[in-house]
Number of protein chains: 2
Amino acid sequence: MRRDIFQAIADPTRRAIIALIAFQAMTPNAIAENFHTTRQAISKHLRILTECELVTQEYQGREIYYSLQVEKMKEIDTWISQYRTLWQKRFNQLDKVLLTMKNQKNEK
Amino acid sequence: MRRDIFQAIADPTRRAIIALIAFQAMTPNAIAENFHTTRQAISKHLRILTECELVTQEYQGREIYYSLQVEKMKEIDTWISQYRTLWQKRFNQLDKVLLTMKNQKNEK
DNA sequence: TATATTTGCAACCGAATGGTTTCTTAATTA
DNA sequence: TAATTAAGAAACCATTCGGTTGCAAATATA
């Protein structure tokens, strides 16, 4: 069962979990309280997130605290950054067009 | 059939298609040549990408040129940027730790 | 006009997905 | 010690997914 980070963030519930534990570690029960699903379903999501190393576990007695591995999110950022230059370039081209139009106006 | 941009980029083949048409528009046939699947499979992927407005079609005779809608990619960038500040903050904290260690060393 | 090419669509198939219920294990707590 | 609580694992189920084959429509070409 290969886990991909892009597949992990594809599910809206998992993205919500990520947002939830981004600032403080939480137990599966505490996380599940925020959703209209069973704790077991959340547990499954957490397993997927753990498998692709997006979250880490910290055992504390019988409780397990899950926290976001922010560093792992960089992988998505790296991927999207390929295209960032593209839309910035497009923006610059638009900018140039506007500038040209402005100059043409001034020349009249 | 609701289409989500995060679900769209979850599939590796679709990410490859995105990379392929990022710089020049291409027809389904031309795109399919780069993969070990049938043209119909690629067509399905293109449909999904079109439905979530990640790609646009341009009809030219009987051919259809698909091109990436780079602007749409910003949505992912916006999402990831929430967490960018988090890992930058973490980096700064590490920076601070290193600085403190350096200072302690100097004080000895 | 007849044939070839490009494409999308529908039907089908096996595998994966997200969810549930039930059960077990381990740690608390009364 | 007995009961409770937190959590994961397994079995199951309906739905979706990614792929295939086969077909129809539209355009281009002989």
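Side chains are part of it too, since the values below use all heavy atoms of this structure and drop only hydrogens, waters and symmetry mates. Naming: A, B, ... by sequence-line order, numbering from 1 per chain. All of these numbers come straight from a predicted model, not from anything done at the bench.
Using a cutoff of 4.0 Å between basic side-chain nitrogens and carboxylate oxygens, B:D77 and B:K72 are not scored as salt-bridged.
One finds a side-chain N or O of B:T38 lying less than 4.0 angstrom from the OP1 or OP2 phosphate oxygen of D:dT20. Within the structure, a side-chain polar atom (N or O) of B:N29 is placed less than 4.0 Å from OP1 or OP2 of C:dT7. OP1 or OP2 of C:dT7 lies within a sub-4.0 Å distance of a side-chain N or O belonging to B:T27. Within the 4.0 Å cut-off from OP1 or OP2 of D:dG19, at least one side-chain nitrogen or oxygen of B:H45 is found. Note on A:S43: a side-chain N or O is less than 4.0 Å away from OP1 or OP2 of D:dG8.
Residue B:C52 comes nearest to B:R3 through the heavy atom pair CB-CB, 3.9 Å, listed as atom of the first residue, atom of the second, then distance. Here the closest heavy-atom approach between residue A:P28 and residue A:I64 is recorded as CD-O, 3.3 Å.
The rotation axes computed at either terminus of the helix from C:dT1-D:dA30 to C:dA30-D:dT1 lie 10° apart, taking five pairs at each end and rounding to 10 degrees.
The side chain of A:A41 has C:dT20 as its nearest neighbour among C:dT20, D:dG19, C:dT7. Comparing C:dT7, C:dA11, D:dG8 by their closest approach to the side chain of B:K44 singles out C:dA11.
If you measure from atom CG of A:D4 to atom P of C:dT17, you get 11 Å, rounded to the nearest angstrom. Whole-Å rounding puts the B:R14 CZ to D:dC17 P distance at 8 Å. If you measure from atom CD of B:Q7 to atom C1' of D:dG18, you get 12 Å, rounded to the nearest angstrom. For the pair A:I64 CD1 and D:dT5 P, the computed distance is 18 Å after rounding to whole Å. Atom CD1 in B:I42 sits about 16 Å away from atom P in C:dT6, given to the nearest Å. Rounded to whole Å, atom P of D:dG18 lies 11 Å from atom CD1 of B:I17. Here the C1' atom of nucleotide C:dA16 and the CZ atom of A:R47 are 14 Å apart, to the nearest Å. If you take CD of B:E33 and C1' of C:dT6, they are 12 Å apart, rounded to a whole angstrom.
Counting heavy atoms from C-beta outward, B:V55 and B:Q69 have side chains that stay 4.5 Å or more apart. Residues A:I17 and A:F35 meet the side-chain proximity criterion, which asks for heavy atoms closer than 4.5 Å. In this structure, the side chains of A:T78 and A:M73 stay at 4.5 Å or more apart for every pair of heavy atoms.
A side-chain donor-acceptor contact under 3.5 Å links A:Q57 and A:Y66.
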Nucleotide by nucleotide, 5' to 3', does protein get under 4.0 Å of the base (B), only the sugar-phosphate (S), or neither (-) in nucleotides 22-30 of chain C, counting heavy atoms?
B----BS--

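Scanning for side-chain contact (heavy atoms from CB on, under 4.5 Å) contacts around B:A30 gives B:M26, B:T27, with sequence neighbours left out.
Of the possible polar contacts, one joining the A:R14 side chain to the A:A8 backbone as a donor-acceptor pair under 3.5 Å is found.
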Taking it one step at a time, do A:D11 and A:K44 satisfy salt bridge (charged side-chain N to carboxylate O under 4.0 Å, His left out)?
CA-CA 12 Å; A:D11 184 79; A:K44 272 188 159 190; over 6 Å; no

